[in-house]
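One structure is given below, encoded as structure tokens.
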Amino acid sequence: MADKDSVTNQAVAEGGSYELIQRRLTSLGNDLQTQIKQLNETRMDTFGATDMHVQARVRVRTEHNCVARDIAAIGDTLLFGYNVFLGLKRNITVADVFSLHQLKAENGEFEIVDFPQQGSFLDDADFVRDFEELYTYYKKTYLTHVYRQGSKLFAVFRIGERVDDIRVFQWAIDVNHQVTYIDNRGEREVKQPDNFDFEWRKVSREQQEQGKHPHFNLFDTLFVEATGGTITLKVENNTEDGEGIYSEPVDDEHQSLDDADIQYAKVGELILLKIKPYREEQARHLIFNCKTQQVLRQDAIAHACIQLPEDHGIIFPGGYYLQNGEHKSFEDNAEDLQLHRIAKSPNGEDFLYIFYEPNEGQYALFGYNLITRTLQNPIYGHGQSLYNDGRAVVFSAESEPSRVHAMQIWQTPFCTDEHASSQPVDNSFFGKIGNPELVRGISDLYGVVKLIAVKAPTTRHFNDLVKESQQLFDKYHWLTDENLSALHELLKQVVTTSELVLDEFEKVASIQENANRTLTAAEEKRQSIFSSLNFESFNQATQFVDALTELGQFKGELISHTSLKYIDVEALDNMEQSVDEWTLKISQATADFLQQEQAFEPYQDKIDTLSTAIEANESITALKPIREEIEQLVQGLELLNRTMLSLDIEDSRQRTRILEDISSIFSQVNRVKANADL
């Protein structure tokens, strides 16, 4: 409390407003970012850092023209698989489909050299027999996929027209990278990872909300319907109101609530939707963010969608979406990509999501960094494999058969745990904490910085900021160590200021809500007034006067609203401008009307009526409403006079006549007023 009181007193001394406290929080956020950057640099100096970059470009030569298909690294050996088209040549042999190579590095130069098949696992008699039988009995056989899965190596051959018409050869790999042939029935052993690490659930009748606009209630948070010609998402459970935060048309506007196939899943603060409207072939995929209450159409999650580590969000073929609303997608992604495998760097900082498209044999590699919470540009290729030391070989197949095949050598942080454990142990302060623990902590620290930097904060946003900044001390005990005293003190100030700015923001939010209500009411009144200004049908000067009076009063209201804090002054200015435009139109129409001979007859009749009423009443009390009518008549005439003086009328004689008529009416009204006063 003492810390909070101190910050409060300082804010009060500076002015005490929300804006000043928010600026203080922003300043603390900038200081915190600097401290985190220094911490991360020290971490990298202690443990080292490896980014993904191309180290070299090399070429592999094959005996025959072929189309490269895939590669797999076993120890320091690279298995290269391809398809040849030999026509009437002899039967295809193992050497026509596979070759072995080794990656050599010397003085920073890389090359891939041939490795003899004789005596290797490709020379195994059982494998050679099974291989030759495959190509003998299935004339359309071709290699589709070569990859490692744990301690096994698989080679997948297509033997029919369908994707699942396959024969799979499998080998066992021991700890010394020795390869032993098992059999050609590996299709029973192949286990592809799930494309979704969550469960899609179908909406049920228990979730239906009936009414004028029936919909499904998801977690009392999101309300979904696919009726009335649109898919509509709402954040309020109001069946009488068809308005929502998101809408898009459907093909059949007559479908009922039960006709659409709607499935959903909740992933952290995200609600994922898969909606297939009635009589449509393709499902729509939507992402709703409970924090920001925004909706994104993203059909790329149809084939695969995986949760990012530490509840950061989701990743899918072609992009990612974070819990805070940040998202990115790449336009050049291949279609029908499925999850192949996930690789994690030993330090826990980087994750590699590898997707695979089986028909064309194309890979897409997406690297996600836990600290920066960003997705690197994808690497596309028809073959990829990781070595134990983190090096990766990637190639893109040529469209035509070739003997020369270009490959890229990448340096990545995705080495094996065994390789990482062979590195020297550091017994410093950071070494005792451990690189993975530091990575998670720095990532969460940067998360707090991002929350501070949000441009359009909400009450929920500030609640998250208070919660996450407070939890840092519970999750990472080393933040209180004397080695990080400056960072620790800064975090305490962030926590205290976050609580303070939350209190102030709730007040501001209340004022903003009132300002928004006022602005909405003003806009509704503006539309109501304008819709009633059918001045073409006016047949009395008093109607013009009433219209001008109403516009003048409304303009005064708009001017008074500008003093409200946090109101949209620009919107008010636009309304005022439209009022001025209508005032000018009606003023001109008033002048045109007053040029008519009988324009002032209603005024003359009114004066006669008032005079008669005065003569018939002797009581002062009875004369009060008559005086009020006279005052209104005077105000109307003054407005008419000002209107005429402000307008240019081509016929000056007409203008003079109108002004004289108004003056004459004024004189009569003043005489009536004098009689009423007596």
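Index from 1, following the sequence.
- Pairs of residues two or more places apart, or lying in two chains, that qualify as salt bridge (Lys or Arg N to Asp or Glu O under 4.0 Å) and include a residue from residues 359-384 are R373-D444.
- Between L78 and the choices L103, I112, V113, the side chain to side chain contact (heavy atoms under 4.5 Å, CB included) rule is met once, by I112.
- Residue pairs meeting the salt bridge (Lys or Arg N to Asp or Glu O under 4.0 Å) criterion with at least one partner in residues 145-154, sequence neighbours excluded, are K152-E189.
- The six-membered or imidazole ring of H303 lies away from that of F316, with a centre-to-centre distance of 6.0 Å or more.
- Scanning for side chain to side chain contact (heavy atoms under 4.5 Å, CB included) contacts around Q263 gives W200, K202, D261, K274, with sequence neighbours left out.
- Donor-acceptor pairing under 3.5 Å is lacking for the side chains of Y82 and D70.
- Residues meeting the salt bridge (charged side-chain N to carboxylate O under 4.0 Å, His left out) test with E482, sequence neighbours left out: none.
- Classification of the F157-F169 ring pair by plane angle, with boundaries at 30° and 60°, yields perpendicular.
- In this structure, E161 pairs ionically with K140, as a charged nitrogen and a carboxylate oxygen lie closer than 4.0 Å.
- With sequence neighbours excluded, no residue forms a salt bridge (charged side-chain N to carboxylate O under 4.0 Å, His left out) with D197.
- Annotation: side chain to side chain donor-acceptor pair (under 3.5 Å) contacts involving residues 381-397, sequence neighbours excluded, comprise Q55-R391, H177-N388, D389-R391.
- Across I433 and L438, no two heavy atoms sit closer than the pair CG2-CG, 3.8 Å.
- Ring geometry for F351 against Y353 counts as parallel: the plane angle stays under 30°, on a 0 to 90° scale with 60° as the upper cut.
- Ring geometry for F366 versus F330: interplanar angle of 30 to 60°, hence tilted.
- Side chains of H101 and S99: a donor-acceptor N/O pair is present below 3.5 angstrom, by distance only.
- Side chains of D311 and Q323: a donor-acceptor N/O pair is present below 3.5 angstrom, by distance only.
- Under the rule for a side chain to side chain contact (heavy atoms under 4.5 Å, CB included), the partners of V449 that lie at least two apart in sequence or sit in another chain are L32, Q33, I36.
- There is a side-chain donor-acceptor pair under 3.5 Å between D96 and T93.
- Judged as a salt bridge (charged side-chain N to carboxylate O under 4.0 Å, His left out), and not counting sequence neighbours, the contacts of D299 are R297.
- Residue pairs meeting the side chain to side chain donor-acceptor pair (under 3.5 Å) criterion with at least one member in residues 35-48, sequence neighbours excluded, are N40-R43, R43-E349, R43-N435.
- Counting heavy atoms from C-beta outward, Y320 and H312 have side chains that stay 4.5 Å or more apart.
- For the salt bridge (Lys or Arg N to Asp or Glu O under 4.0 Å) condition, no pair includes a residue of residues 111-121, sequence neighbours left out.
- Judged by distance alone, the side chains of N176 and Q178 never bring a donor and an acceptor atom under 3.5 Å apart.
- In this view, K344 satisfies the salt bridge (charged side-chain N to carboxylate O under 4.0 Å, His left out) rule with no residue, not counting sequence neighbours.
- By the side chain to side chain contact (heavy atoms under 4.5 Å, CB included) test, V404 pairs with R59, R61, S402, sequence neighbours left out.
- Using a cut-off of 4.0 Å between Lys/Arg side-chain N and Asp/Glu carboxylate O, D464 and K467 are scored as not salt-bridged.
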